[in-house]
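Heads up: the structure comes next, in structure tokens.
Atoms within a ligand are numbered from 1 in the order they appear, just like the ligands themselves.
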Amino acid sequence: MLGSGAREHAIVVALLRENVGHELIVAPGNAGIASERRVGGTVETVTLDASNGKLVAQYAVENGIDLVVVGPEAPLVAGVADVVRAKGIPVFGPGKAAAALEGSKAFAKRIMDAAKVPTGRAQRGKTVEEVEAALDALGAPYVVKADGLAAGKGVLVTDDRAAALAHAEFYLQQGEVLVEEFLDGQEVSLFFIADGHDVVPFSPAQDYKRAGDGDTGANTGGMGAYSPLPWLSDRWGSEASFVDEILDTVALPTVRALEAEGTPFIGLLYCGLIVTAHGVRVIEFNARFGDPETQVVLPRLVTPLSELLLAASTATLGRLPYPRFSSDVAVVIVLASEGYPDAPVTGRAITGLNAASAVTGVTVLHAATTRTADGGYVSTGGRVLSVVAQAANFRAARAAAYEAMGLIHLDGSHYRTDIAERVAR
Ligand code: AMP
Ligand code: GLY
């Protein structure tokens, strides 16, 4: 597996939980993955430039790797999956062409048009004048999106026309920008596994993108999440009928449109959705597991994850039943460094991890940590840890997650206190 975040740590834990003796090698992984002592298989981390397709392919060939799982978007957009696949090794992750679904908002819009997928109206701009015309045509609140990958910073939603224009001007230096109609409603992250032709759904999650409580502050990579989404049943009767609708109107048409273009989508199709009063709209596609949504979706997965990953990578997904999920719920809270997302302060000691992991139902996943000579842990990035709790209901899961978080200490760090509050009530 390629990657180094809490998402990859969550995938490792899910694979070990199968208890079939998987031999997992993660490049580069992180200190939490390297220190993983759960039974069920072996885990090793290796130093390897995950965005260098030639190196990854060579490593996979030399080490007799059966399956390569690509965690983050950067290696996908760089075409790593293509190079490894060309060696005849199964890869979970789309090639460069299909990964453009995440790597280029303009490409994603074109595919959505071709597949008749419901999404917000949008206009592309290559110049300040074109952007101004688009802002005035679509009106406030303004939604401005960078075309390419921007690590969660590419989108600005604002009532301030000058701020919208300044954001556009910054990203115009790198290429096109997209101005989109503002969509009002609850957000849903829904994962599908695809083998280039067939598609199976996961259980939905909701992510908290803003840094502060009550959805205030800057956009981040994600500060917390919960799964499932009980409120979907109010309108759809059940989660399953919502998921079926998105499978039929979004995921399958998208995968079939890419297949028709000769650029099959093999891997995880992440549908970022907004449930508006007029129906569900796609706001973004990602070409990989979401982070932190994966941390709450995988603990609830009953079907062995490895079967799904391998079936997707070998064009045999159509022979499998849909993945099954437990009726348990899961909540994840992200611990972030002081200054995240603008200027995270790193290199600080983290304590209390053992006590936090001992709370019933809690798993502490690492994202940006390293070990010190005396066996301790130190922060190395913005999002440092994912504290995950699984329980029979949201009240219990929240209580466990926040109890565990309260036992962890990292100077200056912050986390949201309102994750899953609404569903726990
Ligand atoms: P993205 O990076 O595309 O996920 O966008 C980041 C965040 O911006 C999303 O999670 C939404 O909260 C918000 N957003 C994106 N597109 C829209 C839109 N058309 N209308 C309202 N909010 C949006
Ligand atoms: N949590 C949002 C993402 O993974 O893109």
> So which pairs with a foot in residues 265-285 pass ring pair (Phe, Tyr, Trp, His ring centres under 6.0 Å), sequence neighbours left out?
Replying inline: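 Of all non-adjacent pairs touching residues 265-285, those that pass ring pair (Phe, Tyr, Trp, His ring centres under 6.0 Å) are Phe191-Tyr270.
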> Is there any ring pair (Phe, Tyr, Trp, His ring centres under 6.0 Å) pair reaching into residues 107-130, and which pairs are they, with sequence neighbours excluded?
Replying inline: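 Pairs touching residues 107-130 that pass the test: none.
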> Between Thr380 and Thr346, which heavy-atom pair has the shortest distance, and what is it?
Replying inline: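 Closest approach of Thr380 to Thr346: C-CG2, 3.5 Å.
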> Looking only at heavy atoms, is any part of Arg7 under 4.0 Å from ligand 2, and if so is it the side chain, the backbone, or both, or is it neither?
Replying inline: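 No part of Arg7 is near ligand 2 at this cut-off.
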> Heavy atom under 4.0 Å from ligand 2: found in Tyr270's side chain, backbone, both, or neither?
Replying inline: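 Just the side chain.
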>> Please check this pair: side chain of Glu130 against backbone of Lys126, looking for a donor-acceptor N/O pair closer than 3.5 Å.
In response: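 Indeed, once roles are kept as given, a pair shorter than 3.5 Å links the two residues.
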> What atoms of ligand 2 come within less than 4.0 Å of a heavy atom belonging to Gly290?
Replying inline: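 So the answer, numbered in order with elements, is 4 (O).
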>> Does ligand 2 come near enough to Asp291 that some N or O of the ligand is less than 3.5 Å from an N or O of the residue?
In response: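 The answer is yes, given that Asp291 and ligand 2 share an N or O pair closer than 3.5 Å.
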>> What I want to know is whether Glu293 and ligand 2 share at least one N or O pair that is separated by under 3.5 angstrom.
In response: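 Yes, there is a polar N/O contact under 3.5 Å.
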>> As a check for students: among Lys209, Lys145, Glu180, identify the option with a heavy atom nearest to atom 15 (C) of ligand 1.
In response: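 Of the listed residues, Lys145 has the closest heavy atom.
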> Can you tell me if Gly222 has a non-hydrogen atom under 4.0 Å from ligand 2?
Replying inline: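 In this structure, Gly222 fails to qualify as a contact of ligand 2 - no heavy atom is under 4.0 Å.
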> At the 4.0 Å heavy-atom cut-off, does Gly221 count as touching ligand 2?
Replying inline: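 Contact check Gly221 vs ligand 2: positive.
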> Does any non-hydrogen side-chain atom of Phe289 lie less than 4.5 Å from one of Glu293?
Replying inline: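 They are not in side-chain contact.
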> Would you say Glu181 touches ligand 1, if touching means a heavy atom closer than 4.0 Å?
Replying inline: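 Yes; Glu181 lies near enough to ligand 1 that a heavy-atom distance drops under 4.0 Å.
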> For ligand 1, is there an N or O atom under 3.5 Å from any N or O atom of Leu183?
Replying inline: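 Right, the criterion is met.
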